[in-house]
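When a ligand or atom number is given, it counts from 1 through the structure's own listing order. This one's a predicted model, so the numbers in the text were calculated from it and none came from an experiment.
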Amino acid sequence: MINYRSKINPTWCPGCHNFLVFSAVQAAFNALELKPSDLVINYDIGCVGNMADFFKTYGVHTLHGRAIAVAMGEKMINPNLTVCVFGGDGGTYGEGLNHLIAAARANINITVFVSNNFLYSLTTGQTSPTTPKGSRTKSTPLGNPSEPVNIVELLKAVNPHVFVKSVDAKNIAEVTKNFKEALEFKGFALVETLQECVAFGKQLKS
Ligand SMILES: Cc1ncc(C[n+]2csc(CCOP(=O)(O)OP(=O)(O)O)c2C)c(N)n1
Ligand code: SF4
Ligand SMILES: [Mg+2]
């Protein structure tokens with residue numbers, strides 16, 4: 001077994017689905033025998049971005065919405081590296097959407113993992129681009145007026161040749177399988193894990 005972990009223990013809320021994602025991605029890295037020295041992980045901001053402290057591969061904790069842009073640059077400079085991104089629905093589909101579309105159009109060989117918890121969670125539960133219409137959140141107390149983005153359909157429309165999947169984070173076997181396939185894919189790959197934020201997710205059902 002290859003050890004990808006730093007000495008820092010995760011600080012997510014007990015029961016956070018990011019623990020599942022964190023464990024599944026290590027299983028996928030191990031299955032592919034990826035060496036930490038050949039891996040560069042780029043992290044967006046947010047709860048998921050805190051993963052930057054918990055891995056000891058090469059990595060960059062980037063700015064909100066900019067992790068994909070940094071990853072594209074790394075891959076162009078050194079195509080031998082395995083280049084990954086971890087981001088949330090806010091950073092990847094909101095602030096970073098233009099970078100996501102550019103990377104999919106270019107079909108650049110990077111792997112993007114999106115923890116989609118339907119909210120801006122680190123900032124305590126504002127609407128994100130995937131928040132269901134009508135949901136009452138901190139930023140939409142009268143109900144979210146916007147349609148949620150469907151990223152699988154959007155990316156398939158942008159470029160039908162990319163690898164894009166949406167899976168339930170609780171189905172750990174399926175998540176691990178898709179993470180592994182995404183890492184092996186020769187081109188742009190994105191796997192979104194559908195998550196419930198245990199701290200702020202309840203408001204989505206009110
Ligand atoms: C440019 C910029 N705008 C706003 C923020 C404040 N901010 C920090 S985390 C966050 C929400 C992140 O939501 P998401 O990307 O879905 O990640 P999550 O916390 O849900 O995992 C925001 C708005 C920031 N750090 N940078
Ligand atoms: S606020 Fe939500 S997303 Fe953030 S660590 Fe807690 S449960 Fe996870
Ligand atoms: Mg989020």
Side-chain angles (χ1 to χ4, degrees), residues 5-6 8-26 41-55 59-71 84-104 110-141 144 146-152 154-155 164-172 175 179 190-206:
R5 291 276 283 105
S6 73
I8 302 172
N9 283 326
T11 46
W12 296 306
C13 304
C16 177
H17 288 179
N18 282 326
F19 283 105
L20 302 174
V21 169
F22 187 49
S23 150
V25 79
Q26 288 175 75
I41 310 180
N42 299 280
Y43 306 87
D44 206 286
I45 303 304
C47 291
V48 61
N50 289 345
M51 207 182 280
D53 291 334
F54 317 142
F55 271 123
V60 185
H61 202 168
T62 70
L63 301 177
H64 208 22
R66 309 296 171 232
I68 288 178
V70 175
C84 304
V85 170
F86 277 99
D89 44 309
T92 316
Y93 305 159
E95 286 83 351
L97 184 64
N98 197 29
H99 300 298
L100 173 60
I101 289 174
I110 61 171
T111 309
V112 180
F113 305 103
V114 181
S115 287
N116 177 7
N117 53 18
F118 305 93
L119 286 168
Y120 284 102
S121 283
L122 189 77
T123 43
T124 70
Q126 295 80 16
T127 46
S128 84
T130 54
T131 305
K133 191 173 183 179
S135 299
R136 288 193 195 135
T137 71
K138 279 216 177 113
S139 55
T140 55
N144 174 23
S146 301
E147 297 291 338
V149 66
N150 180 328
I151 215 66
V152 175
L154 178 71
L155 290 185
V164 52
K165 293 281 177 65
S166 183
V167 286
D168 183 344
K170 294 195 290 309
N171 191 341
I172 192 92
V175 172
F179 280 3
L190 180 144
V191 183
E192 165 189 86
T193 42
L194 302 174
Q195 304 184 193
E196 186 177 338
C197 170
V198 294
F200 304 106
K202 284 188 190 71
Q203 63 180 339
L204 295 175
K205 294 171 188 153
S206 66

Heavy atom to atom 22 (C) of ligand 1, shortest distance: which of Thr123, Val114, Leu119 holds it?
Thr123
Looking only at distances, please establish whether an N/O atom of ligand 1 is found under 3.5 Å from an N/O atom of Glu95.
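Checking ligand 1 against Glu95, no N or O pair falls under 3.5 Å apart.
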May I ask you to check whether Tyr120 has an N/O atom sitting below 3.5 Å from an N/O atom of ligand 1?
no
Any non-hydrogen atom of Asp44 lying under 4.0 Å from ligand 1?
no
Can you list the ligand 2 atoms lying under 4.0 Å from a non-hydrogen atom of [X]?
X: Cys197; value: 1 (S), 2 (Fe), 3 (S), 7 (S)
X: Trp12; value: 5 (S)
X: Val198; value: 7 (S)
X: Ala199; value: 1 (S), 7 (S)
X: Phe200; value: 1 (S)

Give the contacting part of Val48 toward ligand 1: side chain, backbone, both or neither, where contact means a heavy-atom distance below 4.0 Å.
both
Return yes when at least one N/O/S atom of Cys13 is nearer than 2.8 Å to atom 6 (Fe) of ligand 2, and no when none is.
yes
With a 6.0 Å cut-off (strictly less than), is the heavy-atom count around CG of Asn98, excluding the residue itself, greater than 12?
no
Could you check whether Thr130 and Ser128, counting side-chain N and O atoms only, form a donor-acceptor pair closer than 3.5 Å?
yes
Side chains of Ser115 and Asn18: is there a donor and an acceptor less than 3.5 Å apart?
yes
For ligand 1, which atoms sit closer than 4.0 Å to a heavy atom of [X]?
X: Ser121; result: 18 (P), 19 (O), 20 (O)
X: Leu122; result: 9 (S), 19 (O)
X: Gly46; result: 9 (S), 12 (C), 17 (O), 19 (O)
X: Asp89; result: 16 (O)

Can you tell me if Asn117 has an N, O or S atom under 2.8 Å away from the Mg ion (ligand 3)?
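Yes, within the cut-off.
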Strictly under 2.8 Å, is the Mg ion (ligand 3) approached by any N, O or S atom of Val48?
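No, outside the cut-off.
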[X] side chain to [Y] backbone, donor-acceptor under 3.5 Å:
X: Arg136; Y: Gln203; value: no
X: Thr127; Y: Ser139; value: no
X: His99; Y: Arg66; value: no
X: Trp12; Y: Cys47; value: yes
X: Asn144; Y: Thr131; value: yes
X: Asn116; Y: Leu194; value: no
X: His61; Y: Asp44; value: yes
X: Asp89; Y: Asn117; value: yes
X: Thr193; Y: Val167; value: no

[atom] [closest protein heavy-atom partner, distance rounded to 0.1 Å]:
atom: atom 15 (O) of ligand 1; answer: Gly91 N, 2.8 Å
atom: atom 18 (P) of ligand 1; answer: Cys47 N, 3.6 Å
atom: atom 16 (O) of ligand 1; answer: Gly90 N, 2.8 Å
atom: atom 9 (S) of ligand 1; answer: Ile45 CG2, 3.5 Å
atom: atom 8 (Fe) of ligand 2; answer: Cys16 SG, 2.4 Å
atom: atom 4 (Fe) of ligand 2; answer: Cys47 SG, 2.4 Å
atom: atom 4 (C) of ligand 1; answer: His64 CD2, 3.8 Å

Measure up the Phe113 and Phe86 rings against each other and bin them: parallel (under 30°), tilted (30 to 60°), perpendicular (over 60°).
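Geometry flag for Phe86 against Phe113: parallel rings.
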Under 4.0 Å, heavy-atom basis, I'd like to know which part of Asn117 is in contact with ligand 2: side chain, backbone, both or neither.
side chain
Of the N, O or S atoms in Asp89, the one nearest the Mg ion (ligand 3)
OD1
With respect to Leu190, which candidate in Val85, Leu100, Thr111 satisfies the side-chain contact (heavy atoms from CB on, under 4.5 Å) definition?
Leu100
Below 6.0 angstrom between ring centroids: does that apply to Phe22 and Phe55?
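That pair passes the under 6.0 Å test.
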